[in-house]
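Inspection log for the structure reproduced underneath, given as structure tokens.
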Number of protein chains: 2
Amino acid sequence: MEKPRLSESQEDYLKEIFKLREVNETVSMQDLARKLDVRPPSVTGMIKKLCAMDLVEHEPYKGVLLTKTGEKIALEVLRHHRLLELYLARHLNYSWDEIHEEAERLEHVISEKFEAAIADLMGHPTHDPHGDPIPTAELELPDTPNLMPLNTFKKRIGVTIGRIMTQDRDILNLLSRLELIPGNSIAFIKNDSAGIRVKVDDNQYLVPHTIARLIWCETVD
Amino acid sequence: MEKPRLSESQEDYLKEIFKLREVNETVSMQDLARKLDVRPPSVTGMIKKLCAMDLVEHEPYKGVLLTKTGEKIALEVLRHHRLLELYLARHLNYSWDEIHEEAERLEHVISEKFEAAIADLMGHPTHDPHGDPIPTAELELPDTPNLMPLNTFKKRIGVTIGRIMTQDRDILNLLSRLELIPGNSIAFIKNDSAGIRVKVDDNQYLVPHTIARLIWCETVD
DNA sequence: ATTGTTAATTAGGTTGGGCTAATTTAGTAT
DNA sequence: ATACTAAATTAGCCCAACCTAATTAACAAT
Ligand SMILES: [Mn+2]
Ligand SMILES: [Mn+2]
Ligand SMILES: [Mn+2]
Ligand SMILES: [Mn+2]
């Protein structure tokens, strides 16, 4: 069982399959093509190779799944990415919206030594600045509280923001300006056709549905 | 004048031409092939492309030179590399012999923002842990004292080590064990057929010629 | 059952950066 | 001048990761 070292593309395919699988029940070629910004035939081709390497399983015309080993690699890349994001924010003064882009490139080239060094330095954190869970060194996902998108609540209730499900820089800037960031507690007031009304400190905002779906929260006990 | 963003290979070619030019009068295809660990026809091919981009000049069967813009790119990569080496050593506890390898991969993917962040954090250093000069943000090489290889001295004299001209990990480990590292002062005793005899603190060592040529020193006033 | 629509695949091509084997050139030694 | 040697170049291939255009498969609607 050797490790033939994957290409950056291959790592990105595995990572993206993993991330899509967290949300959708099934991962289509098209989903992948969209996320990876390539055309569908490229996906078909690459998936064939990953299949031959036993990193994914593919039922043609159905969808694609990670194998155990494929999943481990995805988690390894995800760990790099999320540790890097937190490191850039904490130690190099990057702002919330800048970290993703830089981590996207660095994730493929840092060594295990680098990974361990920054994890140590930061005290083995479990979540990155977007609230995304950081896989452990053993490549297990840490326990995460049960989160629900902000637009799925029904009645007035206090909630704590757990995770922001986008990397769009303008959305992130908007959210940070509104203090809608992981760790902050807000009050869910009501959900009407115009959007979700929330109270942050003493201000009450309307959060459009398109934005609210990206804000995952847990209820405050 | 756009910046079409070079490939990692292309950046390495330019960087290597620059480094060879510091030492040799002329840069041959073969020198490049050796350093870049590729076969000579690959070099001929790549040099043609770099020539077409006006980054190098090439007189066939003579040698290759950087143009002004080619040199700027080489210095940019070199700045990334050397800042990274120092950063890894200072902030992530890398040892002397580990930094080169990691920097070799990171140099191509960090952003200008990352470069500026670590340069700031370290107070805009002028030399990396091997004593290699770090180009400034404006891509000028800093003034460096006049250095001579340890094996070129003639008479007993005190010298300060300025720069170590290798990235070989075993040699670097040897040297650090012997305290033969940039900044340290030693005494040059004599050069005989067996090698160079030096005094470090209270110990007197014989340094083989092959090693001594890599240790560049300035004379102590 | 037939048709239409959309997703997926196949066929075939491009580009970048390598390679080996064969050839040419420059420079040296006889 | 001639012959040899080593460096450089050319010719021709390979492989990864893309692409477009054409084809096929799945499935819903009539
Ligand atoms: Mn990536
Ligand atoms: Mn994140
Ligand atoms: Mn490099
Ligand atoms: Mn160095």
Side-chain angles (χ1 to χ4, degrees), chain A residues 2-17 20-21 23-65 70 73-74 77 104-105 107-109, chain B residues 2-17 20-21 23-65 70 73-74 77 104-105 107-109:
Chain A
E2 358 70 40
K3 277 184 150 198
R5 197 64 182 99
L6 299 186
S7 69
E8 302 195 1
S9 271
Q10 292 172 331
E11 289 184 350
D12 278 339
Y13 274 82
L14 297 177
K15 186 185 66 170
E16 220 52 66
I17 294 167
L20 283 166
R21 200 51 214 310
V23 179
N24 308 343
E25 201 46 53
T26 166
V27 178
S28 69
M29 301 291 113
Q30 229 167 55
D31 291 341
L32 276 172
R34 241 191 311 276
K35 289 285 188 182
L36 294 165
D37 195 27
V38 296
R39 290 331 112 214
S42 307
V43 176
T44 303
M46 180 61 90
I47 290 299
K48 252 185 202 156
K49 287 183 210 164
L50 295 174
C51 233
M53 293 188 255
D54 272 317
L55 299 175
V56 306
E57 274 166 39
H58 181 213
E59 192 97 35
Y61 293 96
K62 298 283 204 177
V64 62
L65 291 181
I73 295 169
V77 179
E104 194 63 41
R105 280 171 286 113
E107 63 186 0
H108 306 290
V109 307
Chain B
E2 359 71 37
K3 277 186 149 196
R5 194 70 181 97
L6 299 187
S7 70
E8 302 195 1
S9 272
Q10 292 171 331
E11 289 184 352
D12 278 338
Y13 274 82
L14 296 176
K15 185 184 65 170
E16 220 52 66
I17 294 167
L20 283 166
R21 199 54 212 309
V23 179
N24 308 344
E25 200 46 51
T26 164
V27 178
S28 69
M29 302 289 116
Q30 226 165 56
D31 292 341
L32 274 173
R34 241 191 312 277
K35 289 285 188 182
L36 294 165
D37 195 27
V38 295
R39 292 328 114 217
S42 307
V43 176
T44 303
M46 181 60 89
I47 290 298
K48 252 185 202 155
K49 288 182 209 164
L50 295 174
C51 234
M53 294 188 254
D54 273 316
L55 300 173
V56 306
E57 274 165 38
H58 181 214
E59 192 98 34
Y61 293 96
K62 297 287 199 176
V64 62
L65 289 182
I73 294 169
V77 178
E104 195 62 42
R105 281 173 285 112
E107 63 187 0
H108 306 290
V109 307

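Convention: sequence-line order gives letters A, B, ...; per-chain numbering from 1. What you see below is based on every heavy atom in this structure, not just the backbone, and it leaves out hydrogens, waters and symmetry mates.
With sequence neighbours excluded, no residue forms a side chain to side chain donor-acceptor pair (under 3.5 Å) with B:S42. For A:E16, the side chain to side chain donor-acceptor pair (under 3.5 Å) test picks out no residue, with sequence neighbours left out. Residues that satisfy the side chain to side chain donor-acceptor pair (under 3.5 Å) test with A:E11, not counting sequence neighbours, are A:R5, A:H108.
Between the CD atom in A:Q10 and the CG atom in A:L6 there is a gap of 5.0 Å [rounded to 0.5 Å]. Between B:L20 atom CG and B:I17 atom CD1 the span is 8.5 Å, to the nearest 0.5 Å. Considering CG of B:L65 and CG of B:L55, their distance stands at 13.0 Å, rounded to 0.5 Å. Atom CE of A:M46 and atom OG of A:S7 lie 5.0 Å apart (nearest 0.5 Å).
Here B:Q10 lies in heavy-atom contact (under 4.0 Å) with sugar-phosphate atoms only.
The side chain of B:Y13 places an N or O atom within less than 4.0 Å of a non-bridging phosphate oxygen (OP1 or OP2) of C:dG18. For C:dC19, one of the phosphate oxygens OP1 or OP2 lies less than 4.0 angstrom from a side-chain nitrogen or oxygen of B:S42.
Distance B:L36 CG to C:dC19 P: 10 Å, rounded to the nearest Å.
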Validation: residues 29-37 of chain A side-chain donor-acceptor distances under 3.5 Å, sequence neighbours left out:
unit_1 : atom_1 : unit_2 : atom_2 : d
A:D31  : OD1    : A:S28  : OG     : 3.3
A:D31  : OD1    : A:R34  : NH2    : 3.1
A:D31  : OD2    : A:N24  : ND2    : 3.4
A:D31  : OD2    : A:S28  : N      : 3.3
A:D31  : OD2    : A:S28  : OG     : 3.2

Could you run down the sub-3.5 Å N/O contacts of the protein with nucleotides 4-9 of chain C?
unit_1 : atom_1 : unit_2 : atom_2 : d
C:dA7  : OP1    : A:Q30  : OE1    : 3.0
C:dA7  : OP2    : A:Q30  : NE2    : 3.3
C:dA7  : O5'    : A:Q30  : NE2    : 3.4
C:dA8  : OP2    : A:Q30  : N      : 3.1
C:dT9  : OP1    : A:H58  : NE2    : 3.1
C:dT9  : OP2    : A:T44  : OG1    : 2.9

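Read 5' to 3', the first and last nucleotides of DNA chain D with an atom closer than 4.0 Å to a heavy atom of chain B are D:dA7 to D:dT10.
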